[in-house]
There are 2 protein chains.
Amino acid sequence: MSERLGESVAAANKMNSAEQGAGAAELRAPESRDEILKAAIKLFANRGFHETSMAEVARAANVSKALIFWHFKTKEDLFMAVLNRLLEPYVIDFAEEAGALGEVAQIMQLVELYLMFVRDNASSIRFFVAQLMRGELASDALTGPVMQLYDGYRGLLVDLIGRAQAKDLCLKDFPAAAVARMLLSMLNGTLIEMLFAENADADVASAIAMIRQWLFGGRAGTAKDAPPEL
Amino acid sequence: MSERLGESVAAANKMNSAEQGAGAAELRAPESRDEILKAAIKLFANRGFHETSMAEVARAANVSKALIFWHFKTKEDLFMAVLNRLLEPYVIDFAEEAGALGEVAQIMQLVELYLMFVRDNASSIRFFVAQLMRGELASDALTGPVMQLYDGYRGLLVDLIGRAQAKDLCLKDFPAAAVARMLLSMLNGTLIEMLFAENADADVASAIAMIRQWLFGGRAGTAKDAPPEL
DNA sequence: TAATTCCCTAACCATCCGGTCAATGAACCA
DNA sequence: TGGTTCATTGACCGGATGGTTAGGGAATTA
């Protein structure tokens, strides 16, 4: 079955590109299609792919099951559409965010961006992580965009940390790549803590403070950047 | 359905205890039962509960489907047995491990224990995390033991860090609980990095070094504990 | 007005899944 | 030897699921 799914994924991706190029199906029956998508997102998110039946989606969207198959050729097609819809907010242009700030401020801004993003998208992130964990479906369609985003983020961190180290602004006991990796581990650890325990806000501030202390600790001359509030 | 599952979980747990007391079913048809369990573990692990059919398990175990239902009353029963089997190695007595070492050495030993355990049980941990992420099944049977273990571990860390702080052996800028929480975030972040990228060993040593530096950084008098190798 | 296209549905179908059952051979008692 | 329990199986069942089909109503077009 995994073979069939793989083909479906590729096919769906191609079709999606084609659709966007021709601008066809996106505009035809927008309302019901959207209703279906919203219902599917909810159901897939907290029940998974295999546990969610098309009949359930139909009922939740107040349409007939057949209409779903009119909008989306197969169940996998629907799933791909859900993925793409959920992936939209994940397109962040990190480089844009930081203006002409110093390295320290830029790093801390990236850290906050990460944690705030996690806090604001907890449910869909939980969905993605669960999906990533098992190779269940769409390993390409998922791993691709997410990992691309992730690598971009890490690249930015490595670069910034390297420059901060050169200026003696930040922890220098380890190579920039190692520091960036550990920083990402901290962030990911905080992420999964936020995903499991729903306390969110309280810990974020504490985590940020500790990360700042770790990276820029006793070093002077970095106090100029006031910590932006959440 | 979640209700029924909850009951099944409780029932399965009780039965297990009873079985061990009487030593009954464990010895009757050990061979085939074991074969089924091994096959189920594999399939459940990398396909999940709902995506794995009893027919598949039967085929993988070279037995008839009916035999599975003779050994395990329901599919959930089989799943519970798989959980218990996988949970076995997770029973670690942390307190036992550390003898009369200093706080610093004990903390580092706990850190290493954690990372080594993750490294050696990567596949089943991936399974558990995926299972925990969605509330899919066995939330009680899983959350219970795992969280108990986790809380015990954190408790030990908080205690040790507190004592190390009192002796001025370790990072004192934050309360012990916060330090312990961040340490656990670091560990969990490293964990998921290990789960996704299968490089394992290389990063573990680096992670340990960075954690030691973070916790005990510039402080003197802690060099007496030689870093035990992995 | 007649034809065509779009959106939507009830009913249906083939397949697969969890679970049951009657039967059967082997081992162990009597 | 004959009966009882244990271990195992092929055949079967009701239900649910992904997917199809034939058709209908409302716009749009000609």
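Every chain is numbered from 1 and lettered A, B, ... according to where its sequence line falls, protein lines coming before strand lines. Just so it is clear, the values below take in all heavy atoms, side chains as well, and ignore hydrogens, waters and symmetry mates.
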Can you tell me if the side-chain N/O atoms of A/S32 get under 4.0 Å from OP1 or OP2 in C/dC8?
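Answer is yes, contact under 4.0 Å.
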Hey, is the side chain of A/H71 poking within less than 4.0 Å of OP1 or OP2 on C/dC7, counting only N and O atoms?
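For C/dC7, neither OP1 nor OP2 has a side-chain N or O of A/H71 closer than 4.0 Å.
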Taking [atom1] from [X] and [atom2] from [N], how many angstroms apart are they, rounded to a whole number?
X: B/E35; N: D/dA7; atom1: CD; atom2: C1'; answer: 15 Å
X: A/R59; N: D/dA16; atom1: CZ; atom2: P; answer: 11 Å
X: A/F72; N: D/dT20; atom1: CZ; atom2: C1'; answer: 18 Å
X: B/K73; N: C/dG18; atom1: NZ; atom2: P; answer: 18 Å
X: B/L67; N: C/dA26; atom1: CG; atom2: P; answer: 17 Å
X: B/I68; N: D/dG10; atom1: CD1; atom2: P; answer: 13 Å
X: B/L43; N: C/dC17; atom1: CG; atom2: P; answer: 12 Å
X: B/L78; N: C/dC17; atom1: CG; atom2: P; answer: 15 Å

Does some side-chain heavy atom of B/N188 sit less than 4.5 Å from a side-chain heavy atom of A/E193?
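No - every pair of side-chain heavy atoms lies 4.5 Å or more apart.
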So, under a plain 3.5 Å distance rule, would you say the side chain of A/K75 forms a donor-acceptor pair with the base of D/dG19?
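No.
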Quiz question: going by heavy-atom distance under 3.5 Å, is there a donor-acceptor pair between the base of C/dG19 and the side chain of B/K65?
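By the distance-only test, yes, there is a pair.
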Quick one: label B/S64 by what it contacts on the DNA or RNA (base, sugar-phosphate, nothing), any heavy atom closer than 4.0 Å.
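Since a base atom lies under 4.0 Å of B/S64, the category is base.
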Interatomic spacing from CG in A/L115 to CD1 in A/I211 - rounded to 0.5 Å:
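A/L115 atom CG to A/I211 atom CD1 measures 6.0 Å (nearest 0.5 Å).
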Using 30° and 60° as the class limits, which term best fits the ring planes of B/Y153 and B/Y114: parallel, tilted or perpendicular?
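Tilted, since the angle between the ring planes falls between 30° and 60°.
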Distance-minimising heavy-atom pair for B/L43 and B/T52
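Looks like O-OG1, 3.4 Å.
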Which heavy-atom pair separates A/V57 from A/A39 by the least distance, and what is that distance?
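In terms of heavy atoms, the two residues are closest at O-CB, 4.1 Å.
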Nearest to the side chain of B/F69, which nucleotide is it out of C/dG18, C/dC8, D/dT8?
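Taking heavy atoms from C-beta onward, the closest nucleotide is C/dG18.
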Can you tell which of C/dT20, C/dC7, D/dG18 lies closest to the side chain of A/W70?
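So the nucleotide nearest the side chain must be C/dC7.
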Between A/A66 and A/E56, name the one whose nearest nucleotide on DNA chain D is closer to the 5' end.
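Upstream on the strand: A/E56.
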